[in-house]
Amino acid sequence: MSETLRIPALSSFGNLPLARVSLDRGGALRSSPTLLDELWGAPGTRVMFIAQGRSPMLDGRLMLKDSAQVKRPDTPIYLGRTLADDPDHGGVPEGTHILLAVLDAVDPDILDDDGWVDLRAAATLLSGRDAGIFAQAAAIANWHAKHTHCPRCGTLTEVTEGGWVRRCPSDGTDHYPRTDPAIIVAVVDEADRLLLGSAAAWPEGRFSTLAGFVEPGESLEGAVIREVAEESGIEVHSPQYLGSQPWPFPASLMLGFIATAVNTNQVPDGVEIMDVRWFTRSELATAVRDGDITIPTGVSVSRALIEHWYGGPLDESVAEDRP
Ligand SMILES: [Zn+2]
């Protein structure tokens, strides 16, 4: 394998499982005050369920029930309309309106408890459409769960705009779903080695690309430079954006970058990051294959960044299992 720095190819970075566009979100429809009344119970409208981050999954697909057969919750959320008929998707035709019912707890009348899966576990198993719907549903449900009251006056807010705005009945302010941007970065040195860190909170031997939240008043590039310096003592320049995906655990948007290191004398911060190492391609392939280290799964931007740098998929089968 060539050790030259690979120019980022956007297409090869475009297969992030949670970044797939799956619905026409129908932003213009949301403003109709009768939207949910018209859709709930109408022929063809389907309902997705979510309870504490888990949704019912049957035969490898999200369960999308006919809304006429479902008890209407107080505040359903309009997710959008399916974009294209998918023959593998249980006969949900193009243009089907999907509503979200957020439940307090798993409902065994809908599906047994063990049929309710969490997005992280389901992401790579689901079709693009279902993974996209699930990411959207998880993110908006998480926002409602934690933003019930007006941040200005403390009054309980009312859900409006198809579930995409909360309005304060006391002072009339509108409150919109928030997303927390976080950068994640493949740091590469002049010898084209990759920098990976191991966080204090992780099991021993787990390594990933460095990441952190963007602070108020900060650019994405500024966040890349600051986070890398804070966590590893490495100075980087020329951060280049590669791609993003929502990470609704509970509310992040992960923005993937690659950046070039100025120095190589890494120093972990000793608080958040306990170990930082440089890897050549062969060192990383061997360490992953032999199980000396573990890297994030295919659902993550980190894995996409690592394999983007590596130039292909990394093989995790352990040496003993090989013929
Ligand atoms: Zn208020």
Side-chain angles (χ1 to χ4, degrees), residues 14 16-51 53 55-57 61-103 119 122-123 126-148 157-168 173-181 244-248 250-253:
L16 294 163
L18 300 183
R20 296 174 284 186
V21 175
S22 58
L23 296 177
D24 170 357
R25 294 187 176 209
L29 298 178
R30 294 174 189 165
S31 58
S32 165
T34 58
L35 175 70
L36 295 170
D37 293 336
E38 288 167 11
L39 288 180
W40 196 281
T45 300
R46 301 291 188 106
V47 180
M48 176 189 170
F49 305 91
I50 194 163
S55 286
M57 191 171 144
R61 297 192 287 260
L62 281 182
M63 181 187 268
L64 299 172
K65 287 194 85 162
D66 183 342
S67 66
Q69 299 170 1
V70 180
K71 180 175 174 290
R72 182 177 163 162
D74 291 340
T75 54
I77 296 166
Y78 181 67
L79 294 182
R81 245 179 315 191
T82 54
L83 287 169
D85 198 358
D86 175 356
D88 294 330
H89 190 59
V92 177
E94 182 177 350
T96 297
H97 292 285
I98 309 289
L99 302 178
L100 176 65
V102 181
L103 310 179
L119 175 57
L126 292 170
S127 70
R129 179 164 74 189
D130 278 2
I133 295 172
F134 202 157
Q136 182 186 359
I140 191 70
N142 288 343
W143 175 68
H144 281 291
K146 290 186 176 169
H147 297 82
T148 52
T157 50
E158 294 166 351
V159 179
T160 181
E161 299 284 326
W164 291 86
V165 174
R166 298 187 72 105
R167 186 164 293 153
C168 177
T173 52
D174 284 346
H175 305 279
Y176 295 87
R178 60 175 284 175
T179 293
D180 300 331
S244 70
Q245 77 169 350
W247 196 246
S252 298
L253 172 65

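Reckoned from all heavy atoms, side chains included, excluding hydrogens, waters and symmetry mates.
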Out of curiosity, M57 CE to L62 CG, how far, rounded to the nearest 0.5 Å? 7.5 Å
Report the C-alpha separation of L253 and W247 in whole Å, then their side-chain angles, then the decisive distance to 0.1 Å, and conclude whether the side-chain contact (heavy atoms from CB on, under 4.5 Å) test is met. CA-CA 5 Å; L253 172 65; W247 196 246; over 6 Å; no
With side-chain contact (heavy atoms from CB on, under 4.5 Å) as the test, pick out the partner of R166 among T157, T75, T173. T157
Which pair of heavy atoms, one from P246 and one from A19, lies closest together, and at what distance? CD-CA, 4.1 Å
Can you name the nearest heavy-atom pair linking G163 to H144, along with the distance? O-NE2, 2.7 Å
Hey, is the main chain of T82 close enough, under 3.5 Å, to the side chain of T96 for a donor-acceptor pair? no
For W164 versus P177, what's the shortest heavy-atom pair and its separation? O-CD, 3.0 Å
Whether the side chain of S32 engages the backbone of L29 through a donor-acceptor N/O pair (distance < 3.5 Å, no angle test) should be reported. no
Checking R72 against D37 for the side-chain contact (heavy atoms from CB on, under 4.5 Å) test, could you report, in this order, the C-alpha distance in whole Å, the side-chain angles of both residues, the deciding distance, and whether it holds? CA-CA 10 Å; R72 182 177 163 162; D37 293 336; 2.8 Å; yes
Spacing of OH belonging to Y176 relative to CZ belonging to R167, to within rounding of 0.5 Å: 7.0 Å
Look up atom OG1 in T160 and atom CG in L36, then write down how far apart they are to the nearest 0.5 Å. 9.0 Å
Look up atom CG in L100 and atom CD1 in I133, then write down how far apart they are to the nearest 0.5 Å. 10.5 Å
Beyond-backbone contact of S67 with L39, side-chain heavy atoms, under 4.5 angstrom: no
Value for CD (E94) from CG (D24), rounded to nearest 0.5 Å, stands at 10.0 Å
To check you understand the geometry: which heavy-atom pair defines the closest contact between A141 and I50, and what is its length? CB-CG2, 3.8 Å
N142 side-chain N/O to A251 backbone N/O, donor-acceptor pair under 3.5 Å: no
I want to check something: taking the side chain as every heavy atom from C-beta on, are K65 and F49 in contact at a cut-off of under 4.5 Å? yes
Where W143 and V165 come nearest, the two heavy atoms and their spacing: CH2-C, 4.2 Å
When rounded to the nearest 0.5 Å, the distance separating CZ of R81 from OG1 of T45 is 11.0 Å
If I compare all heavy atoms of W40 with all of P76, which pair ends up nearest, and what's the gap? CZ3-CB, 3.8 Å
